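Read through the structure below, which is laid out as structure tokens, and then see the notes.
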Amino acid sequence: MSQQDISIEFFPPKTPEGVEKLRITRAQLAELHPKYFSVTFGAGGSTQKGTLDTVLEIRREGHEAAPHLSCLGSSRDSLRAILAEYKAHGIKRLVALRGDLPSGYGAVDFSSGEFRYANELIEFIRAETGDWFHIEAAAYPETHPQAKSPQDDLQNFARKVRAGANAAITQYFYNADAYFRFVEEARKIDVAVPIVAGIMPITNYSQLMRFSDMCGAEIPRWIRLKLAAFGDDTESIRAFGLDVVTQLCERLLAGGAPGLHFYTLNHAAATAAICRRLNLAG
Ligand code: FAD
């Protein structure tokens, strides 16, 4: 695998300290020579400025950067304006998502609003900007938590590709078989785009459990029990997490995954350690 096949995700920091800390994180991770850095986008455009500022700073440092763009809670006009701004800055790559409303919004009616699903956003981006953007969509080897069924979710993934997504990044998972099966099933319904594996390094047990509950990623029982047994022993959690996630990445790459996308949560150490073990460090 070439080093070109790594991508690295950040969220836009909210404070000047966070901005400074991300600069340091980025400098460490730039040594891995990722293909691009991506920057998340909060529901309804809540991080719009932070996302753009972070993307522009990354580009000024000489790296490729892809803003995420989510559509739930956003209007056509506001998304049109964002796309025009990205285009004016020469940004050529986007990660296009439906998004999630933050907790506290109560029950969400997904049938109202200008956009309901990511395939509608991708269609809109193509209608507005033609082939200007390289578009990545999300994929769910373990099935999106709101999907009616795995088969339905796979068909909905195919809709995003038919709408114009060039490639996909998966939700994170710790079960390589789920990924391989998902890719195989996508190929059977003629979805030919690269499906990059999303990787969440393991560094913190309670945070991982919280995220995984929300996004529907399964933590296998043996991993969960081991992590729980380490209690507050963060050294052991990190060492175990490094072994488990490195082995997962090795299996994915050996099995043909076209790339790895790291969810860093703005921390460098775990991602850098995994890539060093995989001999991907520059
Ligand atoms: P969709 O593809 O729209 O799918 C959502 C659900 O609706 C699924 O259950 C699907 O089966 C179903 N569905 C899809 N299309 C249809 C249709 N046409 N008819 C009926 N049902 C349909 N969230 C953010 O807010 N900001 C981010 O920056 C962000 N970055 C992410 C990056 C990656 C790589 C990933 C994997 C996720 C990211 N998320 C982000 C989270 C994402 O927004 C959530 O997982 C969200 O719940 C679904 O987004 P989606 O684009 O996959 O939605």
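Order of listing sets the numbers, starting from 1, for every ligand and every atom in it. When reading the values below, keep in mind they use all heavy atoms of this one structure, side chains included, and skip hydrogens, waters and symmetry mates. Owing to the predicted nature of the structure, the values given are computational and were not obtained by experimental measurement.
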### Task
Identify, by atom number and element, the atoms of ligand 1 in contact range of I169, meaning under 4.0 Å from any of its heavy atoms.
34 (C)
### Task
Inspect the contact between K188 and D190 and indicate whether a charged nitrogen and a carboxylate oxygen are less than 4.0 angstrom apart.
no
### Summary
The answer for which part of R159 has a heavy atom under 4.0 Å from ligand 1 is side chain
### Task
Could you list the atoms of ligand 1 found under 4.0 angstrom from a heavy atom of H144?
5 (C), 6 (C), 8 (C), 9 (O), 45 (O), 46 (C), 47 (O), 48 (C)
### Summary
Note: R98, heavy atoms under 4.0 Å from ligand 1, region reported as both
### Task
Give the residue and atom name of whichever protein heavy atom lies nearest to atom 46 (C) of ligand 1, and the separation in Å to one decimal.
D100 OD1, 3.3 Å
### Query
Heavy atom under 4.0 Å from ligand 1: found in N156's side chain, backbone, both, or neither?
side chain
#### Entry: For atom 24 (C) of ligand 1, the protein heavy atom that lies nearest, with its residue and separation
F41 O, 3.6 Å
#### Entry: Which segment of N119 sits under 4.0 Å of ligand 1 when only heavy atoms are counted
side chain
### Query
Relative to ligand 1, is K148 under 4.0 angstrom through side chain, backbone, both or neither, heavy atoms considered?
neither
### Message
Against ligand 1, does Y140 come closer than 4.0 Å with any heavy atom?
### Response
yes
### Query
Near R181 CZ, under 6.0 Å, is it more than 12 heavy atoms from other residues, nucleotides or ligands?
no
### Message
For a quick check under 3.5 Å, do Q146 and R98 share a side-chain donor-acceptor pair by atom type?
### Response
yes
### Subset of ligand 1 atoms that lie under 4.0 Å from at least one heavy atom of A147
9 (O), 11 (O)
### Message
Tell me the protein heavy atom at minimum distance from atom 29 (C) of ligand 1, and give that distance in Å.
### Response
L97 CD1, 3.2 Å
### Query
Where is the nearest protein heavy atom to atom 17 (C) of ligand 1: which residue, which atom, and how far?
Y117 CD1, 3.3 Å
#### Entry: Residues that R23 engages under salt bridge (charged side-chain N to carboxylate O under 4.0 Å, His left out), provided they are two or more places apart
E20, E57
### Query
Applying a strict 4.0 Å limit to heavy atoms, is Y263 in contact with ligand 1?
yes
### Query
Taking the inter-plane angle between the rings of H261 and Y36 on a 0 to 90° scale, is it parallel (under 30°), tilted (30 to 60°) or perpendicular (over 60°)?
tilted
### Query
Looking only at protein heavy atoms, which one is nearest to atom 10 (C) of ligand 1, and how far off is it?
D153 OD1, 3.3 Å
### Message
Which of the numbered atoms in ligand 1 are under 4.0 angstrom from any heavy atom belonging to A138?
### Response
35 (C), 36 (C), 52 (O)
### Task
For the pair E120 and R116, find out whether any cationic side-chain nitrogen is under 4.0 Å from an anionic carboxylate oxygen.
yes
#### Entry: Partners meeting salt bridge (charged side-chain N to carboxylate O under 4.0 Å, His left out) with E235 (sequence neighbours left out)
none
### Task
Using a strict 4.0 Å cut-off to heavy atoms of Q171, name the atoms of ligand 1 that fall inside it.
36 (C)
### Message
When you measure from the centre of the six-membered ring of F37, is the NZ or CZ of R26 closer than 6.0 Å and no more than 45° off the axis?
### Response
no
### Query
Nearest protein heavy atom to atom 3 (O) of ligand 1, by residue and atom, and its distance?
A118 N, 2.8 Å
### Pair E31-H33, side chain to side chain donor-acceptor pair (under 3.5 Å): steps then yes or no
CA-CA 5 Å; E31 289 172 18; H33 303 295; over 6 Å; no
### Message
Can you tell me how the ring of F182 sits relative to the ring of F157, calling it parallel under 30°, perpendicular over 60° and tilted otherwise?
### Response
tilted
### Message
Surrounding NZ of K21 (heavy atoms of other residues, nucleotides or ligands, distance under 6.0 Å), is the total greater than 12?
### Response
yes
### Summary
Under 4.0 Å from one or more heavy atoms of K160, ligand 1 contributes atoms 1 (P), 2 (O), 50 (P), 51 (O), 52 (O)
### Query
Where on F115 is there a heavy atom closer than 4.0 Å to ligand 1, on the side chain, on the backbone, on both, or on neither?
neither
### Query
More than 12 foreign heavy atoms under 6.0 Å from NZ of K92: is that the case here?
yes
### Query
Is there at least one pair of N or O atoms, one from G99 and one from ligand 1, spaced under 3.5 Å apart?
yes
### Message
For atom 32 (C) of ligand 1, what's the nearest protein heavy-atom neighbour? Residue, atom name and distance, please.
### Response
H68 CE1, 3.6 Å
#### Entry: Full working for side chain to side chain donor-acceptor pair (under 3.5 Å) between N204 and S206
CA-CA 6 Å; N204 180 315; S206 52; 3.2 Å; yes
